[in-house]
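Only one structure is covered here, and it is reproduced in the block below.
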Amino acid sequence: MSAPLPPAGGSPDVLVTADDAPGVSLWRAAGSRLRRNPTAIVGAVIVLAFVVVALVAPLLTPYQPGSAEWSGDVTPTSVPGPSDDHLLGLDRFGSDLFTQLVYGARQSLVYGVVATAIGLAFGAALGIVSGGAIAVGGRPGVWIDNVVMRVVDIMLSVPSLLLAVSIAAVLGQNSYAIMIAIGAAQVPIFARLLRGSMLAQGRSDYVLAAEALGIRKRKIVMSHVLPNSIGPTVVQATLNLATAIIEVAALSFLGLGQPDPAVAEWGRMLVAAQDRFEAAPQLALLPGAAIAITALGFTLFGEALREALDPRSRR
Amino acid sequence: MLRFALRRLALLVPVLLGLSVLLFVWVRALPGEPARSLLGQRATPEGIARVNEVYGFNDPLLQQYGSYVWALLRGDFGSSIKTGQPVLESFIEKFPGTVELGVAALLFAVVLGIPLGYYAARHQGRLLDTTIVSGSLIGVVTPVFFLAILLKLVFANWLDLLPTSQRQDPRIDATHITNFYVLDGLLTREWDAALDALTHLVLPAVALGTIPLAIIVRITRAAVADVLNEDYVRTAESKGLSRMLVSRRHILRNAMLPVMTTIGLQAGLLFSGAVLTESVFAWNGIGRFLFDSIGQRDYPVLQGYILLIAIIYALINLTVDMAYGVVDPRVRVS
């Protein structure tokens, strides 16, 4: 599921411009390139809309998620559609569908962000240990790197969804288990990426210059190599938010998701909609589209960010 | 080449050994004592005692791990808690179904993806390119199971065009030699059986193949765009070679290297996707069996299947790396 996205490139727009002139920091230059990239703007608008809906969900709807208040109105053959009281109608358990959707955004946001943060924190830590050990050098450095990378290889030897499934099985069925499972499945991606870019940066001229000045290797790694290597990792984190949101839904689909019916969750809504297909396709279409659009937002923004940080990568 | 392959195989040993340790620890880390979590709700004191006996949960840990690995080496991957069937036996029985589905999905992705990516790169910035690139983006972000449900709704429930469950109509009395149903139909000359198996393949293969398709389109587009700027392409074109010849010999051949690696990487994605796709389409393969085992908390099956999938996944990637060496002589040298 967590497929590394290849660079695609949208429409032709920004090139290397005056803001690449000396004196402008990498991140500031990237920011100004982002503002002029339509892909970034579309992505940012989707992400922003998603975050706002998630934050103000209680203001958007008078109802509570998972209330099943109108379960009497749902029959085995029909689910009430849109009405004055219910903007999008009911779901198959008799809760307000619109309410389920906006509260579902909340769950996706929390799960996605926390899971990715877990993956980023542990993955980056492993990456820094590994990349740093090589840069500092010596036999212990190589040895540490070897051990860390073999652990990462073992994690990568299992397809990520199955890795998440096995972790979720150990931790039991609750929100923490879901977030930890999905985050842990992302750890090897971040570890490899950060180690790789630290190795690449380690060969650059400014490192040589710093070494020639007699600066301690540990300091070179932490204050020169690391800050310059972090870009691709930040991009990957943005892209992984999309994957995490999809994988949360996939875990729900596999029956390992959030078990509490009072919590609205897009993946579970999709699963529940399956047996009401013909009568009420909107029950499956709307949460499915919500997942896809949110994932699209993070993907667009992540790709634009990649191009902004490394203008040469655009094709 | 042989030395390269042997070296890679040797590197696989520590990874699989590490994974076996993790899976060994995993069963013991499951909530509750291992015997109870293995038996689930049917746990009785006698049952627990029996499981402890059979699995040796009372022995010292190191000895337990030793006998676990020894059993693995003899091909004993444990047995299902629910049916008692050996894990390896059920895996071998169901694996052809997944391979059939995976190959069909990958074929769909490659046959459509490479030309689409090529045309997008050739028409960069035009409407065709924008359409293909946007389409591939939507393909990447659509969850597999949502697409599967969607296809089922449109092509089966609304249009009533294609079958949506199982691998073949059970009313067809087909002979199965290899358990690859399409192949069986061809081998036995039961054309109706082959055709029926083929129509059953369409929707699941499209559902499973869409994300790989989208990724292959993007990689091909990027790779072709890169190669298009090369001097040798300009030289070939100015020599007056036909467009067909240039695109086949000069552009595609060179652009295929990154595409091939990507195709290899899709294997893991296909295994994850198969769990979801097969369960939507009631497809009799390892994915659906895993899905059921997750639902039933049949941990020995999960444990065995994860290890088997990791082995196959590693072998696929090894094969791809070797194929890479065949296509690109530079890889062999380094």
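In what follows, chains are A, B, ... by sequence order, proteins preceding strands, each numbered from 1.
What you find for Tyr299(B) and Ala169(A) is that their closest heavy atoms are CE2-CB, 3.9 Å. In terms of heavy-atom proximity, Ile149(B) sits nearest to Leu270(A) at CD1-CD2, 3.9 Å. The two residues Val15(B) and Ser157(A) come nearest to each other via the heavy atoms CG1-CB, 3.9 Å. Taking all atoms of both residues into account, the shortest heavy-atom contact from Ser272(B) to Pro159(A) is OG-CB, 3.3 Å. Closest approach of Ala292(A) to Val141(B), counting heavy atoms only: O-CG2, 3.5 Å.
With chain A as the partner, the residue from Phe271(B), Phe291(B), Trp26(B) showing the most heavy-atom pairs under 4.5 Å is Trp26(B). Between chain B and the options Gly255(A), Ala295(A), Ser166(A), heavy-atom pairs under 4.5 Å are most frequent for Ser166(A). Contact count against chain A (heavy-atom pairs under 4.5 Å) is highest for Leu153(B) among Leu150(B), Leu153(B), Ile294(B). With chain B as partner, the option from Leu296(A), Leu256(A), Val165(A), Leu156(A) having the largest number of non-hydrogen pairs under 4.5 angstrom is Leu296(A).
For Tyr65(B), the OH atom counts as densely surrounded, since its 6.0 Å shell holds more than 12 non-hydrogen atoms of other residues, nucleotides or ligands. The neighbour count for Phe24(B) CZ, taken as heavy atoms of other residues, nucleotides or ligands under 6.0 Å away, is above 12. The number of heavy-atom neighbours closer than 6.0 Å to CZ of Phe155(B), taken from other residues, nucleotides and ligands shown, is 12 or below.
If you measure heavy-atom distances from Leu17(B) to chain A, you find no contacts under 4.5 Å at all. Contacts between Ile293(A) and chain B at a heavy-atom distance below 4.5 Å are absent for every atom of the residue. Contacts between Ser279(B) and chain A at a heavy-atom distance below 4.5 Å involve the side chain alone, from C-beta outward. Looking at Leu270(B), there are no atoms closer than 4.5 Å to chain A (heavy atoms on both sides), in backbone or side chain. Within the 4.5 angstrom heavy-atom criterion, no atom of Ala242(A) approaches chain B.
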For this session: Give the C-alpha distance, both sets of side-chain angles, the deciding distance and a yes or no for side-chain contact (heavy atoms from CB on, under 4.5 Å) between Leu290(B) and Leu162(A).
Result: CA-CA 10 Å; Leu290(B) 258 178; Leu162(A) 291 182; 3.9 Å; yes

For this session: Output, in order, the C-alpha distance, side-chain angles, deciding distance and verdict of side-chain contact (heavy atoms from CB on, under 4.5 Å) for Ile246(A) and Thr142(B).
Result: CA-CA 8 Å; Ile246(A) 293 175; Thr142(B) 309; over 6 Å; no

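When the heavy atoms of residues 305-313 of chain B are compared with those of chain A, the residues falling under 4.5 Å are Ile306(B), Ile309(B), Ala310(B), Tyr313(B), listed by number.
The closest side-chain heavy-atom distance from Leu161(A) to Leu276(B) is below 4.5 Å.
Phe145(B) and Phe253(A) have parallel rings, their planes meeting at less than 30° on a 0 to 90° scale where 60° marks the start of perpendicular.
The CG atom of Leu254(A) sits 11.5 Å away from atom OG of Ser293(B), with the distance rounded to the nearest 0.5 Å.
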